[in-house]
A.B. asks: 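Pasting a structure below so you can have a look.
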Amino acid sequence: MLEITELRKTFRARRNAPERDVVAIDNLSVTVGQGDFFTLLGPSGCGKTTTLRAVAGLELPDSGEIRVGGRVLHSTAQKVFLRAN
């Protein structure tokens, strides 16, 4: 089972853009049961790839929690971030 709770990820805007953060994932919460088929669908720039990269341990989310099979892969509150090997 995959559990994502209140996941948030921002990126710093490009050099030529005004100084502000770009929100890639804004408090995403979703649970995918074992054996379920799940699809992320949305327009370009809505956070699909960033979400998958966070689950894989390739992106460090700003906040939230990711669990797979009950194991914590990322938790801001518990200060856990399991990187991809």
A.B. asks: Quick one: pull up CG in Asn27 and NZ in Lys9 and give me the separation to the nearest 0.5 Å.
C.D. replies: 14.5 Å
A.B. asks: Walk me through it: do Phe81 and Leu73 pass the test side chain to side chain contact (heavy atoms under 4.5 Å, CB included)?
C.D. replies: CA-CA 6 Å; Phe81 178 59; Leu73 301 183; over 6 Å; no
A.B. asks: Once you round to the nearest 0.5 Å, how far does CD1 of Ile25 lie from OG of Ser63?
C.D. replies: 9.5 Å
A.B. asks: Between Thr10 and Asp21, is there a donor-acceptor pair closer than 3.5 Å when you use the side chain of the first and the backbone of the second?
C.D. replies: no
A.B. asks: List the steps and the verdict of side chain to side chain contact (heavy atoms under 4.5 Å, CB included) for Leu40 and Thr51.
C.D. replies: CA-CA 9 Å; Leu40 293 174; Thr51 300; 4.2 Å; yes
A.B. asks: Going by side-chain contact (heavy atoms from CB on, under 4.5 Å), name the residues that satisfy it together with Arg53, two or more places apart in sequence or in a different chain.
C.D. replies: Thr49, Leu58, Glu59
A.B. asks: Please round to the nearest 0.5 Å and tell me the distance separating atom CG of Leu28 and atom CZ of Arg8.
C.D. replies: 12.0 Å
A.B. asks: With sequence neighbours left out, what residues match Leu2 under side-chain contact (heavy atoms from CB on, under 4.5 Å)?
C.D. replies: Ile4, Val32, Val55, Ile66, Val68
A.B. asks: How would you list, by chain and number, every residue that makes a side-chain contact (heavy atoms from CB on, under 4.5 Å) with Glu65, sequence neighbours excluded?
C.D. replies: Thr5, Arg67, Ser75, Gln78
A.B. asks: State, to 0.1 Å, how close Ala56 and Ala84 come at their nearest heavy-atom pair, and which atoms those are.
C.D. replies: O-CB, 3.3 Å
A.B. asks: Go through it in stages, so that I can follow the logic: the residues are His74 and Val80, the test is side chain to side chain contact (heavy atoms under 4.5 Å, CB included), and I'd like the CA-CA distance, side-chain angles, deciding distance and then a yes or no.
C.D. replies: CA-CA 5 Å; His74 169 78; Val80 173; over 6 Å; no
